[in-house]
Amino acid sequence: MPELPEVEVVRTQLEKVVLNKQIIGFDVYYPDIFNGDINRLREVLIGNEVIRMERYGKYLVFIFKNDDVLISHLRMEGKYLVRRIEDEKHLSRHDHLVFKFDDGMELWYHDTRKFGRMDLRKIDDYLLTKPLNALGNEPKNMQEGELYRKIYKKNVPIKVALLDQSNIAGLGNIYVDETLFLSNIHPERKANTITKEEADFITLNAVKVLDKALKLGGTTIRTFAAGDIHGRFQNELLVHTKANMPCPVCNTIIKKIIVGGRGTYFCEKCQK
DNA sequence: AACGAAACCTGCGCGC
DNA sequence: TGCGCGCAGGTTTCGT
């Protein structure tokens, strides 16, 4: 489901409801979401409090007092839902974890495809160990020439290189298509044919796309929603999902192909 | 080391 | 109506 803007929306929403409340219960219905011993996680959570919410690329991070850190990746369909105990909405088969707070609020981790994963770390090393140590910089934090140095030897399609989170963090299938369209670059161009100037232009356009998406609350194409927040960036998409429709720049019909196993939308006239 | 394919899961829409 | 297939905003693992 979510790429950087959507995860940032989730982070902002969670920050409003979970900070500085004691966790008094933790129910588990599908333990495989957690990488590790789920009973150890419960021991750490009970009595603990989230003091800060961070985000790195598509990773959501709960910073607890007691120096504990929970890293959460939503993958395709993960969601956090906030409920009051008195709501007595019953669990669905896709609700896997329930965090219960001392003010009666419950945070439900819901994930239709069960792809999401969580890791427990300590504050001293969570940035130095998997998975965050392998993450590249976000576009807005990249220096001139940085993306070029990451990809100039790679003999893979530029789209595949941009989806690789160790090269550049935060882009997914939607925003890569949009970024490459703005950059006038064909998604199948080999990364090792991209010039330094083109790589810097890609980085610039990625910043623009992600910033605009965040301002609009992210993109809701299929199922993404952060609580009750539905993004509006889908109304601004230039090529992604636009197969057989006219290019907004030149009116050529947008094509859909498969690149790196992912549905890919582009304009063959604008993107070379 | 690098790259492509399969795997992890479930639901939905489509054609027959 | 029922069934099989393809597809889905992601990452890890396996095989070459």
Side-chain angles (χ1 to χ4, degrees), chain A residues 1-10 29-36 55-60 71-80 91-97 109-119 129-136 150-181 187-188 190-192 206 209-210 212-214 216-226 229-244 256-265:
Chain A
M1 103 165 184
E3 306 178 40
L4 186 156
E6 291 76 27
V7 179
E8 179 59 18
V9 170
V10 173
Y29 299 91
Y30 185 75
D32 290 1
I33 296 295
F34 179 63
N35 289 323
R55 182 194 52 72
Y56 298 90
K58 305 173 191 174
Y59 290 89
L60 196 57
I71 303 169
S72 170
H73 197 302
L74 276 36
R75 295 281 180 91
M76 297 289 265
E77 305 262 1
K79 294 173 184 63
Y80 283 98
L91 289 162
S92 83
R93 60 188 255 104
H94 304 304
D95 293 318
H96 307 309
L97 301 171
Y109 179 74
H110 180 283
D111 191 340
T112 306
R113 294 173 73 179
K114 300 178 176 170
F115 279 178
R117 289 294 180 268
M118 298 182 193
D119 289 279
T129 60
K130 285 203 308 181
L132 295 183
N133 66 338
L135 200 60
K150 287 278 196 178
I151 67 171
Y152 77 103
K153 288 181 179 172
K154 304 205 182 282
N155 190 32
V156 296
I158 181 62
K159 170 154 180 175
V160 170
L162 296 177
L163 286 172
D164 183 336
Q165 303 295 300
S166 69
N167 292 328
I168 181 169
L171 296 175
N173 204 31
I174 296 175
Y175 299 124
V176 165
D177 282 2
E178 295 297 302
T179 296
L180 286 175
F181 176 73
E188 290 181 305
K190 291 299 174 66
N192 58 16
V209 168
L210 295 177
K212 185 172 178 185
L214 179 58
L216 292 172
T219 302
T220 301
I221 291 181
R222 306 175 53 243
T223 58
F224 167 75
I229 306 291
H230 283 258
R232 302 183 306 284
F233 190 73
Q234 64 276 13
N235 303 320
E236 309 290 323
L237 292 173
L238 300 173
V239 289
H240 193 83
T241 73
K242 304 297 184 185
N244 302 318
K256 181 183 182 186
I257 59 175
I258 304 295
V259 179
R262 316 293 302 276
T264 299
Y265 303 82

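Every chain is numbered from 1 and lettered A, B, ... according to where its sequence line falls, protein lines coming before strand lines. From a predicted model like this one, the values you see are computed outputs, not experimental measurements.
Across the protein-nucleic acid pair, A/D119 atom CG and C/dT11 atom P stand 13 Å apart, rounded to whole Å. The CG-P distance, from A/D111 to B/dT10, rounds to 10 Å in whole Å. Atom pair A/L60:CG and C/dT11:P shows a separation of 14 Å (rounding to whole Å applied). Rounded to whole Å, the distance from CD on A/E3 to C1' on C/dT11 is 13 Å. In this structure, A/R262 places its CZ atom 15 Å from P of B/dA5, rounding to the nearest Å. If you take CZ of A/F34 and P of B/dC8, they are 22 Å apart, rounded to a whole angstrom. Between A/N155 atom CG and B/dC3 atom P there is a gap of 6 Å when expressed in whole angstrom units. In this structure, A/L132 places its CG atom 16 Å from C1' of C/dT12, rounding to the nearest Å.
As the counterpart of B/dC9, no nucleotide is assigned, since no Watson-Crick or G-U wobble pattern has both distances under 3.5 Å. Nucleotide B/dC14 forms a pair with C/dG4, judged by Watson-Crick or G-U wobble geometry with both contacts under 3.5 Å.
A/K159 and A/T264 share a side-chain donor-acceptor pair at under 3.5 Å. A side-chain donor-acceptor contact under 3.5 Å links A/D111 and A/Y109. A donor atom on one side chain and an acceptor atom on the other are not found under 3.5 Å apart for A/Y59 and A/Q165.
When heavy atoms are screened at a 4.0 angstrom cut-off, A/F233 is found touching no nucleic acid atom at all. At the heavy-atom level, A/R93 lies under 4.0 Å from the strands shown only through sugar-phosphate atoms. At the heavy-atom level, A/K130 lies nowhere under 4.0 Å from the strands shown.
The side-chain ring of A/F115 is stacked on the base of B/dC8, judged by centre separation under 5.5 angstrom and plane angle under 30 degrees.
Taking the six-membered ring for Trp and the full ring otherwise, A/Y175 and A/F181 have centroids separated by 6.0 Å or more.
Comparing the same atom, P, in B/dC9 and in C/dC14 gives a spacing of 14 Å after rounding to whole Å. Only the C1' atoms considered, C/dG9 is 24 Å distant from B/dC3, to the nearest whole Å. Nucleotides C/dT1 and B/dT10, compared at atom P, are 25 Å apart to the nearest Å.
Among the nucleotides C/dG9, B/dT10, C/dC7, the one closest to any side-chain atom of A/K256 is C/dC7. When distances are taken from the side chain of A/K154 to each of C/dA8, B/dC3, C/dG9, the shortest belongs to B/dC3.
At B/dC9, none of the side-chain N or O atoms of A/H94 fall inside 4.0 Å of OP1 or OP2 (strictly under the cut-off). A close approach under 4.0 Å does not occur between any side-chain nitrogen or oxygen of A/H73 and OP1 or OP2 of C/dG10. Contact annotation: A/Q165 does not reach the phosphate of C/dG10 (side-chain N/O to OP1 or OP2, under 4.0 Å). Between A/K153 and B/dA1 there is no side-chain N or O to OP1 or OP2 distance below 4.0 Å. Phosphate contact (OP1/OP2 of B/dA7, side-chain N/O of A/K114, threshold under 4.0 Å): absent.
Environment of CG in A/N235: crowded, with over 12 heavy atoms of neighbouring residues, nucleotides or ligands closer than 6.0 Å.
Contact between A/L163 and A/L171 at its shortest, heavy atoms only, is CD2-O, 4.2 Å.
Taking the nucleotide of DNA chain C with the nearest heavy atom to each of A/Y59 and A/I258, the more 5' of the two is matched to A/I258.
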